[in-house]
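Since the structure comes first, as structure tokens, the remarks are kept for the end.
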Amino acid sequence: MPVPKKNKTITPYFTEEDADQIRAAVNAVGHLEGYASISELVEGATLRELRRMQRKYNGGRKWVGIPAGQLRPGRRTRAERQNRQDDARRLL
């Protein structure tokens with residue numbers, strides 16, 4: 001009998017407006033889409049995006065996992081967000 005995998009927690013952050021819309025969507029149509037909770041919606045969307053990036057950048061293969069605590073926590077700083085916007089404008 002296979003041993004079930006242990007769940008790990010990752011906390012995404014959303015603006016208040018986006019969080020309101022996520023709750024509204026799950027409440028209105030979550031049951032039609034197969035999502036019983038926000039966690040199920042976020043997990044499904046994140047795993048779809050992960051698989052897309054694996055296909056695009058890693059030949060469809062999984063990357064070697066990175067343990068918790070190895071990546072920086074939280075959102076980008078205001079300066080990092082501004083630099084990202086500046087970089088995007090230069091590409092246009």
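The first residue in the sequence is number 1, and the count goes up from there.
- Every residue two or more places apart in sequence or in another chain was checked for a side chain to side chain contact (heavy atoms under 4.5 Å, CB included) with Ala24, and none qualifies.
- Here the closest heavy-atom approach between residue Gln54 and residue Lys62 is recorded as NE2-CA, 3.5 Å.
- Distance CD/Glu17 to CD1/Ile22: 11.0 Å, rounded to 0.5 Å.
- A 6.0 Å sphere centred on CD1 of Ile10 holds no more than 12 heavy atoms belonging to other residues, nucleotides or ligands.
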Cut-off 3.5 Å, no hydrogens considered: what does the side-chain donor-acceptor table look like for residues 46-53, sequence neighbours left out?
residue	atom	partner	partner atom	Å
Thr46	OG1	Val42	O	2.7
Arg48	NH1	Tyr35	OH	3.3
Arg48	NH1	Gly44	O	3.3
Arg48	NH2	Tyr35	OH	3.4
Glu49	OE1	Arg52	NE	3.0
Glu49	OE2	Arg52	NE	3.3
Glu49	OE2	Arg52	NH2	2.7

